[in-house]
Amino acid sequence: MKRHVASLLAQALAAMREAGELPADIELPEVQVERARDRAHGDYAANTAMVLAKPAGQKPRELAEAMRARLPASEAISGVEVAGPGFINFTLAAAARHEAVRAALREGPAFGRSDVGAGHPIHIEYVSANPTGPLHVGHGRGAAFGDALASLLEAAGYAVHREYYVNDAGRQVDILAVSLWLRYLEAAGVAVPFPEKGYRGDYIVTHARELLDADGHAYVHGADTVTAGLPAEEADPEAYLDALAARARALLGEAAYRRVLDFALGAILGDIREELAAFGIGFDRYFSERELADSGRIEAAVQRLTEAGYTYEAEGALWFRAAELGDDKDRVLRRDNGLTTYFAADVAYHLEKLERGFHTLVNVWGADHHGYVPRVRAALQALGVEAERLDVRLVQFAVLYRGGEKLPMSTRAGEFVTLRELRDEVGKDAARFFYVMRRSEQHMDFDLDLAKSESADNPVYYCQYAHARICSVFRQLAERGLACQAAPDEAALERLDTEHEAVLLDLIGRYPEVIEAAAASREPHQVAQYLRELAAAFHTYYNAVPFIIDDQALREARLTLIRATQQVLANGLGLLGVDAPQSM
RNA sequence: GCGCCCGUAGCUCAAGUGGAUAGAGCAUCGGCCUUCUAAGCCGAAGGUUGCAGGUUCGAACCCUGCCGGGCGCGCCA
């Protein structure tokens, strides 16, 4: 519809130029049509006349009037007015307004979906939490946001691939293996002091026992053998930990060490996947950093940067000239000990994604990684990749509140709240809705009490209740031995003449545009915001107007309207990963 | 110190990405009410969009400088 209005305007402009009402030498602007913010301004508004006023050397309002005179007639438009500083406002004909309701019921779950993405392959990476411990509430927001965004892009017609990048290589994984091994020794009765910087969580103890159950005492060594000759921990806890890891590898041998490491990774990744599944999130692929390294792609990526002339050696390391491409400083690709950096792996990963055929890459990262964006951008740029192909969405952490008190959150002290705990407390639906209710870059306060409350104050509850309430109306209808007999296309929607109904009709008609706009700007919160508006409009309607009335034609018109509302609520909530319950 | 993000009603946040009179929900105040679903419904009040300049027909949005908050500034991942 928006496009239809825009094309009418474009035709008007062309006609004006043809008639000599516009200078032939000026460039015609791209016609912008938007939804009128105020219903008193009709349904759609165009600012074309104001944009054109200056180059055309005419007054905006006069220009608008001239355009109005040249507009082709359209069945969908019942009125055109010039208002304010020079807006051209369009009012939809009733039939066009009703079409949205009929389309919602005809298309069902597909209503709101479009093909603007044209099947364009798009890769979206999110969560990607290190496999060294359970997901916490910081990951939760990235998970909810990333998944909603992926669904949104799908709804807009993109071929979406969801991926989780697993950092299963490098030092932290060795520390994980050592941590688990030490807990395993404890479980087997060998007491080795647990290092300060090891992973101290209970989950390590649990999985260590599982390893003992599975493999028996195969990896047991005496406490003295484990610690003999290691540097003092007090002097340098990190160096001690590395020495301990080296010792584990030496004592166990490569195969057994690898077994312990893989067991630890598998167990923790299993926990993570389980939690994500309970959170309603699944990935098309878990991409292993280790496989990336084994495939030689990291070396290849470094090589390509070198061939492109963007590397140099200094202080024993290989550097990438990031500063030439907008970063603050140059970055190390290969350390003086010969190992490649995390950054090098990430360059390789991004290249690999592009080679898989994804034209657009979306990365959902925690906002604490923002300093990392310029160097990745720089690397892609150095390899000739257009900057627009990578979109990094930064997600701020949420601060939890309970009873008006801020919950302490410190990863170092190990007192982080896990996603599991959050879900146990407020439920999947509330958690997911709250997480995506705000713009991702916005710092956000997460009120646990509100999320839990079963009241209209709770936005999730409010939206879900609207859906359940409509279901309930139809149950009531059946109990009275009635059914909505009119097919959507036959319902007498012209009988809907209250302001409440006008608002609902308007909102339903806007849904496809909301999806398209939210996908284009990659902002799922627009959908959440819209759903609150829709639910509010429905509840107000419900309170003001009875549905189950004697006048059959009017009754069925109203039932058709709320059935369409129900469909849109279900579709929108579905995009956000929130259930639309039949009853509450 | 440098860089990025943020600053909107008492509180939590929107504002279709430069449009018309900056909107919701809590909380506050004033009425009503006990209904297809019940935890209510209707209305009012609440603002120099951190401050000061600038850009233009038009700025919460773009530019500059301050103020305040968050994060980042490893040959860690």
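Everything numeric here is computed off the predicted structure, so don't read it as measured data. Convention: sequence-line order gives letters A, B, ...; per-chain numbering from 1.
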- Given B:A20, B:G16, B:A15, the nucleotide with the shortest approach to the side chain of A:Arg439: B:A15
- Message: Output the rounded distance in Å from CD1 (A:Ile515) to P (B:G16).
- Response: 16 Å
- Distance between the P atoms of B:A14 and B:C62, in whole angstroms? 15 Å
- Query: When rounded to the nearest 0.5 angstrom, what distance separates CG in A:Leu534 from CD1 in A:Ile508?
  - Reply: 6.5 Å
- Message: Does this structure show an ion pair linking A:Glu34 with A:Lys2, if we count only N-O contacts that are shorter than 4.0 Å?
- Response: no
Please list, for nucleotides 58-60 of chain B, all pairs of protein and nucleotide N/O atoms separated by less than 3.5 Å.
none

Ignoring hydrogens and angles, write down the donor-acceptor pairs under 3.5 Å from the side chains of residues 400-407 of chain A, residues two or more places apart or on other chains.
{"residue": "A:Arg402", "atom": "NE", "partner": "A:Glu425", "partner atom": "OE2", "Å": "3.2"}
{"residue": "A:Arg402", "atom": "NH2", "partner": "A:Glu425", "partner atom": "OE1", "Å": "2.6"}

- Can you list the residues that meet the side chain to side chain donor-acceptor pair (under 3.5 Å) rule with A:Glu65, with sequence neighbours excluded? A:Arg68
- Ring centers of A:Phe446, A:Tyr435 separated by less than 6.0 Å: yes
- Looking at every strand, decide which applies to A:Ala536 at a 4.0 Å heavy-atom threshold: base, sugar-phosphate, or nothing. nothing
- Query: Taking 4.0 angstrom as the limit, do A:Arg377 and A:Asp327 come out as a salt bridge?
  - Reply: no
- Task: Give a yes or no on whether a salt bridge exists between A:Glu238 and A:Arg171, defined as a side-chain N under 4.0 angstrom from a carboxylate O.
- Result: yes
- Message: Could you check whether A:Arg438 and A:His443, counting side-chain N and O atoms only, form a donor-acceptor pair closer than 3.5 Å?
- Response: no
- Task: Taking atom types as modelled, find out whether A:Glu81 and A:Asn89 have a side-chain donor-acceptor pair closer than 3.5 angstrom.
- Result: no
- Expressed in angstrom and rounded to an integer, what is the separation of A:Phe433 atom CZ from B:G25 atom P? 14 Å
- Using heavy atoms to find the nearest nucleotide of RNA chain B for A:Arg532 and A:Phe87 separately, return the residue whose nucleotide is more 5′. A:Phe87
- Message: Using O4'-C1'-N9-C4 for purines and O4'-C1'-N1-C2 for pyrimidines, with syn meaning within 90° of 0, is B:U17 syn or anti?
- Response: syn
- Message: Against the six-membered ring of A:Tyr542, is A:Arg469 placed for a cation-pi contact (under 6.0 Å from the centre, within 45° of the normal)?
- Response: yes
- Query: Counting just side-chain N and O atoms, does A:Gln529 come under 4.0 Å of either OP1 or OP2 of B:G16?
  - Reply: no
- Residues two or more places apart in sequence or in another chain: which of them pass side chain to side chain donor-acceptor pair (under 3.5 Å) with A:Gln464? A:Asp429
- Query: Over how many whole Å does the gap from A:Phe434 atom CZ to B:C26 atom P extend?
  - Reply: 13 Å
Tabulate atom names and distances for all N/O pairs under 3.5 angstrom spanning the protein and nucleotides 27-33 of chain B.
none

- Item | All side chain to side chain donor-acceptor pair (under 3.5 Å) counterparts of A:Arg522, not counting sequence neighbours | A:Asp391
- Listed range with range, the stems formed with RNA chain B by at least 3 consecutive Watson-Crick or G-U pairs (under 3.5 Å) are B:1-7 with B:67-73, B:10-13 with B:23-26, B:28-32 with B:40-44, B:50-54 with B:62-66
- Looking only at side chains, do A:Gln529 and A:Gln526 share a donor and an acceptor under 3.5 Å apart? no
- Query: Taking the six-membered ring for Trp, are the ring centroids of A:His500 and A:Phe538 within less than 6.0 Å of each other?
  - Reply: no
- Message: Restricting to side chain to side chain donor-acceptor pair (under 3.5 Å), what partner residues turn up for A:Tyr541, sequence neighbours left out?
- Response: A:Glu501
- Query: Between A:Trp365 and A:Tyr126, does the ring centre distance come in under 6.0 Å?
  - Reply: no
- With sugar-phosphate taken as primed atoms, P, OP1 and OP2 and all else as base, the protein-contact string of nucleotides 70-77 of chain B at under 4.0 Å (heavy atoms; B, S, -) is SBSSSBSB
- Shortest non-hydrogen contact between A:Cys484 and A:Thr560, atoms and distance: SG-OG1, 4.1 Å
- Task: Determine the contact category for A:Met444: base if any of its heavy atoms lies under 4.0 Å from a base atom, sugar-phosphate if only primed atoms, P, OP1 or OP2 are that close, otherwise nothing.
- Result: sugar-phosphate
- Item | A:Tyr342 versus A:Gln172, side-chain donor and acceptor atoms under 3.5 Å | no
- Message: Applying a 4.0 Å non-hydrogen cut-off, can you work out what A:Glu238 is touching in the nucleic acid: base, sugar-phosphate, or nothing?
- Response: nothing
- Task: Tell me what A:Thr540 touches on the nucleic acid: a base, only sugar-phosphate, or nothing, going by heavy atoms under 4.0 Å.
- Result: sugar-phosphate
- Atom pair distance, as rounded to whole Å: NZ in A:Lys406 and P in B:U12: 12 Å
- Query: Does anything in residues 474-483 of chain A pair up under salt bridge (charged side-chain N to carboxylate O under 4.0 Å, His left out), and if so which pairs, sequence neighbours excluded?
  - Reply: none
- Message: Mind checking if A:Glu523 touches a base, just sugar-phosphate, or nothing, with heavy atoms under 4.0 Å?
- Response: base
- Task: Would you tell me whether A:Asp168 and A:Ser288 have side-chain atoms, one donor and one acceptor, within less than 3.5 Å of each other?
- Result: yes
- Query: Of A:Val514 and A:Ile88, whose closest RNA chain B nucleotide lies nearer the 5' terminus?
  - Reply: A:Val514
- Query: Near RNA chain B, under 4.0 Å by heavy atom, which residues of residues 50-59 of chain A?
  - Reply: A:Met50, A:Val51, A:Lys54
- Task: Take the protein atom CD of A:Gln526 and the nucleotide atom P of B:A14, then report the distance between them rounded to whole Å.
- Result: 11 Å
- Note on the structure: Nucleotide by nucleotide, nucleotides 34-39 of chain B touches protein heavy atoms under 4.0 Å in the pattern (B base, S sugar-phosphate only, - none) --BB-B
